[in-house]
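Just so you know, ligand 1 is whichever comes first in the structure, and atom 1 is the first atom listed for that ligand.
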Amino acid sequence: MLRPEIRMCIVLLGAALLPGGPCLQVRADVTVTQNEMGISAYEAGRFEEAIAYFEKAYEQAPDNDTLRHNLCNALQAQAKSLADTKDLQPSVKYLETAISVDPENVSPLIQLGSYYLHMNLVRDAIFRLEEAIELKPGELNAHELLGEAYYRDNDIASARAQWDYVLEVEPKRPGLRERYDKAFREQQVEAEFKQNASRHFNISYPDDVNHTQRSQILYMLERAYDQLGRKLGGIYPPSPIQVILYSDDQFKEATLLDAHIGAVFDGKIRAPLTDAAGNWLPEEEVRRRLTHEYVHVIVRHAAGASVPWWLNEGLAETLSNEMSAEEQQILSRTYAQNAAFNLSALEGSQLKKLTPEALRLAYIQAHATVNMLWTKYGHVRMAPFLQALSFGESGEGALKQSYRKSYAVLEQELAHIYQ
Ligand SMILES: [Zn+2]
């Protein structure tokens, strides 16, 4: 909320300063006008303009709390309007200015902490959220977000301590109980895990993973980071990227996923190193799964959270794995029977209802579709495709922008190859 009562503040200021000479009164009037114009601009949603007015007024009356408050608010509003269009980088700049204008105000610190979390800059988020709590202990949003930041930093005990407090004060906090239970479950499994790190990855693993295996896995991950970053024309997610390695039993216990799921990315890469019988998986299989999940990290970083399923899985398959002859045959049979999915049916949540066989076909079709795009156009069109999605464009809208194709055209082109 903006405070319009600047007139009163300035009248007081003017009254106190008046003996010094009439020019001060004029200055005060100018300040009042600028505040009022700032308020109208703010109310009309023209935040940039409002900031300019409040800045001018604040320069002339730097001790005025109301002006400081209004300027800080307008900076936060501009940051939010940019963030709503998914443009977080400049939002951060506005919030840093807001914090320097009003360092005792907890609100821009929390807002900045939450944007840093969106950008996966976990350590920066922790720094700002801890500052917020020092300034105003008990602020629930700050405690909840700080819990999330600790969790992503793989410090589950500290995360739970923050969430415990939030749930004590507000037991029905939306979604938090589920987050808490998930973290608790993971902590039960991972409590005794060891940790090791390379330049961009932090791995947690059970005791019986030996030195050679650990080095091999870190090497695989770093190689994926380097190679895929280059292949995609320079996409490098912020680090450290958390990777949790399990036995098959531990993986199921921590994630509660079905037996046919080989690995997952839920903000952290999680993968088993053994099969259900307890045998170590072959090195090539571990590499394939970790690379597949790492592509999801890249996609999340480059395109945000709302990416069509077919693209996310298709790119992860394309960059980790060749299509097998068997998969190509399945696809040919599917097209011969006219039983392929429409791309619009492969966009999201409806996939949860598929049978394992149908899901396998969905993966193969996603793989073949992205493989075709990747082989023809490489990163030159893939990178802008991902970027368009990050700005909130729909799957087909982003495809049209980057590849000049509709879903129907892309479906026909793929059918043409396999028919
Ligand atoms: Zn996947």
Side-chain angles (χ1 to χ4, degrees), residues 120 152 182 186 200-201 203 217 220-221 223-225 227-229 231-232 235 237 241-246 248 251-252 254-273 275 281-282 284-324 326-327 330-331 341 343-374 379 382 385-386 389-390 395 398-399 414:
N120 239 334
R152 291 206 209 162
K182 180 175 183 291
E186 290 160 7
H200 304 103
F201 296 87
I203 55 169
I217 285 167
M220 281 174 191
L221 290 164
R223 217 168 131 73
Y225 188 93
Q227 285 187 331
L228 298 185
K231 275 190 186 172
L232 285 158
I235 302 183
I241 298 155
Q242 301 290 347
V243 181
I244 323 284
L245 304 163
Y246 306 88
D248 184 73
F251 177 71
K252 284 178 193 143
T255 63
L256 302 182
L257 288 169
D258 290 343
H260 67 276
I261 307 286
V264 69
F265 171 63
D266 62 359
K268 301 178 184 183
I269 294 176
R270 300 174 190 277
L273 293 179
D275 62 19
L281 294 172
E284 177 52 25
E285 179 60 17
V286 173
R287 188 206 60 75
R288 190 190 68 72
R289 292 189 197 188
L290 290 177
T291 308
H292 176 111
E293 299 310 326
Y294 176 62
V295 176
H296 291 321
V297 179
I298 292 180
V299 170
R300 173 73 66 89
H301 168 67
S306 18
V307 175
W309 181 92
W310 67 266
L311 172 67
N312 203 0
E313 293 307 331
L315 195 59
E317 286 292 272
T318 298
L319 296 178
S320 68
N321 193 12
E322 300 271 318
M323 291 230 351
S324 68
E326 188 206 347
E327 287 171 336
I330 292 177
L331 221 43
F341 288 102
L343 282 174
S344 57
L346 295 181
E347 290 214 302
S349 54
Q350 65 269 48
L351 287 151
K352 286 190 189 117
K353 293 176 202 142
L354 295 182
T355 62
E357 295 74 42
L359 190 62
R360 175 150 194 242
L361 175 63
Y363 268 97
I364 296 172
Q365 206 185 312
H367 187 173
T369 304
V370 176
N371 199 41
M372 184 177 71
L373 289 174
W374 182 256
H379 74 81
M382 185 56 73
F385 186 23
L386 295 171
L389 291 165
S390 80
L399 186 78
L414 191 70

Worksheet item: Going by distance alone, is a donor N or O of one side chain under 3.5 Å from an acceptor N or O of the other, for H292 and E317?
Response: yes
Worksheet item: Does the shortest distance from the Zn ion (ligand 1) to an N/O/S atom of E317 fall below 2.8 Å?
Response: no
Worksheet item: Which atom, counting only N, O or S, brings E313 closest to the Zn ion (ligand 1)?
Response: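 Nearest to the Zn ion (ligand 1) within E313's N, O and S set: OE1.
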Item to complete: Without swapping roles, check the side chain of E313 against the backbone of A366 for a donor-acceptor pair under 3.5 Å.
Response: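 Between the backbone of A366 and the side chain of E313 there is no qualifying donor-acceptor contact (under 3.5 Å).
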Discussion item. Check this for me, if you would: do R289 and E285 make a salt bridge, where the nitrogen-to-carboxylate-oxygen distance has to be below 4.0 angstrom?
Written reply: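 Salt bridge: yes.
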Fill in: Audit row: K182, E186, salt bridge (Lys or Arg N to Asp or Glu O under 4.0 Å) steps and yes/no
CA-CA 6 Å; K182 180 175 183 291; E186 290 160 7; 2.6 Å; yes
Worksheet item: Rounded to 10°, how many degrees is the angle NE2/H292-the Zn ion (ligand 1)-NE2/H296?
Response: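 It comes to 100°.
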